[in-house]
Amino acid sequence: MITLTDQPFDPGDLLSAFCAGRIEVGAIASFTGLARAEAGATTTLELEAYPGFTEAEIGKIAEQARARFAVDDLMICHRVGKIGPGEPVVFVATAARHRRAAFEACDFLMDYLKSKAPFWKKEHGPDGARWIEPRAEDHADISRWDKETPR
Amino acid sequence: MARVLLFGRLSDLAGWREREVAEAGSISALRALLAAEDPQLGAALAGPGVQVALDQAIVRGDAAIGPKAEVAFLPPMSGG
């Protein structure tokens, strides 16, 4: 399930709901990304999406994750709009029979979301606002997945 | 009448996020029209990492724009 929301969410509630009623999956991995204050330099993080396109593009990578790793299910919840320091920005959960596939699919999805998903991120602070583009590390992180042979 | 959308730093630079453009029949014609009005925006649209989506699908190079098309200029993306 892929959700974009302009409202705060509780990652614990999402994880509980994602785990509920599963009797065969065995392993669930999750990741929660929080907005950083950067020692006061960032008072608000603002995320823009392209409604329709953003969900569709994330859906494509979710299908890749399903094809590549032995995952039974996955959940992605991403904030848009204005986000305060400490608030969750992104939540990813993956369910699989065994832990390795769950961990790897979660890692793969986050690397994709950081550098390829259609979001635009602006940091507002006392010194004004600036747009954030992917860092070199984000490109290096996603290129890890090019080298590994799909299963 | 195509609908043109700008995202991220491109909309801040242009001072608009969305507008209708009547005269452009292709993406290259649209780029030329926008650059003639606002050379700084024209340069930014041609800048590294800026992708174009036509009716919500990424296109590379030029393409014809239909009368009800939606053209979006997408600067480098960053989520999470």
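Predicted, not measured: the structure shown is a model, and the values here were computed from it. Quick note on labels: first sequence line is chain A, next is B, and so on, each numbered from 1.
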Report task. Output the distance between atom CE (B/M77) and atom OG1 (A/T54), rounded to the nearest 0.5 Å. Result -> 7.5 Å
Report summary line: Per side-chain contact (heavy atoms from CB on, under 4.5 Å), A/W120 is matched among B/P75, B/S78, B/P76 by B/P75
Query raised in the report: With the 4.5 Å side-chain cut-off for hydrophobic clustering, are B/V71 and B/L74 part of the same group?
Result: no
Query raised in the report: Is it the case that more than 12 heavy atoms not belonging to A/E137 sit under 6.0 Å from its CD atom?
Result: yes
Query raised in the report: Say you draw a straight line from CD of A/E57 to CD of B/Q56; how long is it, rounded to the nearest 0.5 Å?
Result: 9.5 Å
**Report entry** chain A interface, residue from B/D12, B/I58, B/L5 that has the most non-hydrogen pairs under 4.5 Å
**Finding:** B/D12
Report summary line: Counting heavy-atom pairs under 4.5 Å with chain B, the top scorer among A/R130, A/K122, A/R79 is A/K122
**Report entry** Path from B/V59 to A/F53 over hydrophobic side-chain contacts below 4.5 Å
**Finding:** no
Report summary line: In terms of heavy-atom contacts, A/Y50 and B/A53 come closest through CE2-CB, 4.4 Å
Query raised in the report: Going hydrophobic residue to hydrophobic residue with side-chain gaps under 4.5 angstrom, can you get from A/I142 over to A/L113?
Result: yes
Query raised in the report: Measuring heavy-atom distances to chain B, does A/K114 have an atom under 4.5 Å in its side chain, in its backbone, in both, or in neither?
Result: both
Report summary line: Bottom line for A/A49: the part with an atom under 4.5 Å from chain B's heavy atoms is backbone
Query raised in the report: At a heavy-atom separation under 4.5 Å, does A/E48 approach chain B through its side chain, its backbone, both, or neither?
Result: side chain
**Report entry** Option in A/E46, A/E133, A/M110, A/K116 with maximal non-hydrogen atom pairs under 4.5 Å from chain B
**Finding:** A/E133
Query raised in the report: Do other residues, nucleotides or ligands put more than 12 heavy atoms under 6.0 Å from the CZ atom of A/R99?
Result: no
Query raised in the report: With a cut-off of 6.0 Å (strictly less than), are more than 12 heavy atoms of other residues, nucleotides or ligands near CZ of A/R36?
Result: no
Query raised in the report: Under 6.0 Å from the CZ atom of A/F103, do we count more than 12 heavy atoms belonging to anything else shown?
Result: no
